[in-house]
K.L.:
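I have a structure I would like to understand better, so I am pasting it below and will then ask my questions one at a time.
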Number of protein chains: 2
Amino acid sequence: MARKRITPGKIRLTEVAKLAGVSPITASRFFRNPEALSDGKRARVESAANELGYVPNLAARALASQRTEVIGVLIPSLTNNVFADVLRGIYDALEGSRYSIQLANTRYSILQEERLLRLFLAQKPAGLIVTGINQTADSRAIMETVDCPIVQIMEVGPAPVDMMIGFSHFDAAKAAISHLIVQGYRRIGLLGARMDPRVQRRLDGYRSAMTDAALFDPRLIVTTAVPTSVTLGGTLFADLLAKAPDIDAVFCVNDDIALGALFECKRRHMMVPDQMAIVGFNDLEFMASSEPTLSSVRTNRYEMGRNAAMMVIETLEGRRPAAPVVDLGFSVMERQSSARRT
Amino acid sequence: MARKRITPGKIRLTEVAKLAGVSPITASRFFRNPEALSDGKRARVESAANELGYVPNLAARALASQRTEVIGVLIPSLTNNVFADVLRGIYDALEGSRYSIQLANTRYSILQEERLLRLFLAQKPAGLIVTGINQTADSRAIMETVDCPIVQIMEVGPAPVDMMIGFSHFDAAKAAISHLIVQGYRRIGLLGARMDPRVQRRLDGYRSAMTDAALFDPRLIVTTAVPTSVTLGGTLFADLLAKAPDIDAVFCVNDDIALGALFECKRRHMMVPDQMAIVGFNDLEFMASSEPTLSSVRTNRYEMGRNAAMMVIETLEGRRPAAPVVDLGFSVMERQSSARRT
DNA sequence: CAACGGCTTGGTAGCGCTGTCAATATCAGT
DNA sequence: ACTGATATTGACAGCGCTACCAAGCCGTTG
């Protein structure tokens, strides 16, 4: 015996079609590909939809079409300001489009990332944005078999899964060190925290620049796996000074550490940059207005997020982006904290 | 003529049920309410699902059940560190649960918020977390008619739509000012940016405390609608000094402004706190490690997000939370920047 | 031993939309 | 006028799951 579940008064596509005097499938086309309709029908469906206040049921659409309009985003941290900027770019790019974001936090674990990847892909996302180029072998294999656009963000490297947008952390760090060397600094320390793959590559860039200049000394390096913070920056700087009291500059793998180092200098009444130069990484907003102003490596985080999302959309709309791999570059912002040694 | 669209080799609930030797509906129950099955069937379905690597199709589930397992979250900003902490709490609370997050950014516009609210509710979310208590009348009306749990976060106030968790920005600001007064400061300025409703209430708290102590003077207030930043903090502080050169303390409606003010003091060679006390708001991590350390009002942002999400889940699971309105309080962190006047 | 109630299980249909193909309308070219 | 190509439109079934109701099973009760 049939028990109808028809919900009364609910506005479905059928209702819109009926009011517009067309078949449901025609009304459906209006929402997905309006150009396919004749002018008359298009106008009729549009006004019918407006009159009834129709809102498509996304679950039904997803079920029938076997795909969703959700773009999955995997980032390692919600706290890190760097990703806040990237996210803002992504959300801005998708504003007004039909696509929405499903965000997940890998907590810097590639196993967690793999788990989330499986979870996402099971729901057939329209696209995917993942952080970095260090996925597990299984993650890579999974990503290579799915047929949705995938953008790896935050860095560039060989063998993109699909598309890629970022910059070279190695080159950026190397440029920062070269700047310090040019300014006359020689005993340049490095402070690192978290040590995720991108930070590791900044360390490699540091090592390369120092080695090239015959200045490399492992005692100048202090790192920890602990998550980064301003307070930690102060601690690391103190550790470094204890290990190598003769340093004349310090390169911090991010700006929080740089700020912490600056405060620690102040506590010790060390003059910046006269006794100690400081360079950070990312160029967060406060770097330009501290006292003294802090040098840093500017990275284009907002653009990265925005372009990544746009690359996904373009691909979905059949307009393959010009280049699958985009290097957004960086710029060394030379400020007071690394002024030329006198 | 029928054209079957059956996807070969795809694992649906039917496949799991067949392998387990039960009906599809029994298998379905296993995933939603395993206790309802007998021990034998439960084990059989479980092993069948594992063997086949079955993953439920959420779109089909949503369509059939007329509801989703998505909790909508409306926040005004993605950049603001404050919301990063709240979000982290929300994501942490939902980790491992069946629920997922749909995040949207209102950009501090209640009209945008209303638009997003309609968008969300059309998809029948399982729950909703919205920021603040200043919604449009229409937003309120909409929220009151839907029957999903709703939590308003960031502040507490009268007449919750459903549930509420936060603290009193008025009381928190008032406590900060009282602290300064107790410490011996009299000409206490206020620096404000963005001036969203919560910042406005902090300003009200400031005004109330100053008036109570017969210290209120409108010339001590400098505010702007511009979004907040450290740089802006410096600018506002300079403006305030120009307007009221005799101030001996400054209350900043957030920590970025406080940091900017601190740097501006340093540039002007003003001693903190001897010539100028500074108190911020939110107690971001860096406040405890600056030089001098900066006083601030600690707010429990992570807990706010976490508890809000937990309140939604509890309600969904039929265990109504103990209290619909939770005041998480605050604490004035007294540090060097507001040390007692000597 | 029939009646009852609680627990578990299953059959059926439908959630609202779109893929697939077919049918019709329109139009240019010969 | 006829052919073939293109643009519009429609009919139908099915996407994978769950709500609804019914039915079977069991032990208990008087």
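In what follows, every chain begins at residue 1, and chains take the letters A, B, ... in the order their sequences are listed.
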K.L.:
Which of these, Asn134(B), Asp327(B), Ile165(B), sits in a side chain to side chain contact (heavy atoms under 4.5 Å, CB included) with Glu155(B)?
P.N.:
Asn134(B)
K.L.:
Applying a 4.0 Å non-hydrogen cut-off, can you work out what Ala36(B) is touching in the nucleic acid: base, sugar-phosphate, or nothing?
P.N.:
sugar-phosphate
K.L.:
OP1 or OP2 of dG16(D) versus the side-chain N and O atoms of Gln66(A): is any pair under 4.0 Å?
P.N.:
yes
K.L.:
Indicate, with a heavy-atom threshold strictly under 4.0 Å, whether Arg32(A) touches base, sugar-phosphate, or nothing.
P.N.:
sugar-phosphate
K.L.:
Calculate the interatomic distance between Glu35(B) atom CD and dT9(C) atom C1'; express it in whole Å.
P.N.:
17 Å
K.L.:
Is Arg107(B) salt-bridged to Glu95(A), cutoff N-O under 4.0 Å?
P.N.:
yes
K.L.:
What nucleotide, of dG16(D), dG10(D), dA19(D), holds the atom closest to the side chain of Ser65(B)?
P.N.:
dA19(D)
K.L.:
Looking at the side chain of Ile25(A), which of dC17(C), dG10(D), dC17(D) is the nearest nucleotide?
P.N.:
dG10(D)
K.L.:
Which whole-number value in Å describes the distance from Glu69(B) CD to dC17(D) C1'?
P.N.:
12 Å
K.L.:
In whole Å, what is the span from the CD atom of Glu15(A) to the P atom of dG16(C)?
P.N.:
9 Å
K.L.:
Measure from the side chain of Arg29(A), starting at C-beta and using heavy atoms only, and say which of dT9(D), dA19(D), dG19(C) lies closest.
P.N.:
dT9(D)
K.L.:
In whole angstrom, what separates Leu13(B)'s CG from dG10(C)'s P?
P.N.:
12 Å
K.L.:
In plain terms, say whether Asp162(A) and Arg320(A) are close enough for a salt bridge, that is, a side-chain N and a carboxylate O under 4.0 Å apart.
P.N.:
yes
K.L.:
Between Glu46(A) and Arg42(A), does at least one N-O distance fall below 4.0 Å, as a salt bridge requires?
P.N.:
no
K.L.:
Go through dG16(C), dG10(C), dG10(D) for me and flag the one nearest to the Thr26(A) side chain.
P.N.:
dG10(D)
K.L.:
In whole angstroms, how far is the C1' atom of dC15(D) from the CD1 atom of Ile11(B)?
P.N.:
16 Å
K.L.:
So what does Arg42(A) hit on the nucleic acid, given a heavy-atom distance under 4.0 Å: a base, only sugar-phosphate, or nothing?
P.N.:
nothing
K.L.:
Output the single nucleotide from dG16(D), dT8(D), dG11(C) whose closest atom is nearest the side chain of Ser38(A).
P.N.:
dT8(D)
K.L.:
In whole Å, I'd like the distance from the CG atom of Leu58(A) to the P atom of dG16(D).
P.N.:
18 Å
K.L.:
Could you state the atom-to-atom distance from NZ of Lys124(B) to P of dT18(D) in whole Å?
P.N.:
16 Å
K.L.:
Between Val22(B) and Ala60(B), which has a closest nucleotide on DNA chain C that is more 5'?
P.N.:
Val22(B)
K.L.:
Heavy atoms under 4.0 Å, any strand shown: does Tyr54(A) hit a base, just sugar-phosphate, or nothing?
P.N.:
sugar-phosphate
K.L.:
With a 4.0 Å limit, can you tell me whether Arg44(B) has a side-chain N or O closer than that to the phosphate oxygens OP1/OP2 of dT9(C)?
P.N.:
no
K.L.:
Using every non-hydrogen atom in the two residues, find where Gln123(B) and Val55(A) come nearest and quote the distance to one decimal.
P.N.:
NE2-CG1, 4.0 Å
K.L.:
Of the nucleotides dG16(C), dG16(D), dA11(D), which has the atom closest to the Asn57(A) side chain?
P.N.:
dG16(C)
K.L.:
Taking for each residue the nucleotide of DNA chain D bearing the nearest heavy atom, is the 5' side occupied by Arg61(B) or by Gly21(A)?
P.N.:
Gly21(A)
K.L.:
Would you mind reading off the distance between Asn33(A) atom CG and dT8(D) atom P, rounded to a whole angstrom?
P.N.:
10 Å
K.L.:
Could you check whether Arg306(B) pairs with Glu303(B) (Lys NZ or Arg NE/NH1/NH2 to Asp/Glu carboxylate O, under 4.0 Å)?
P.N.:
no
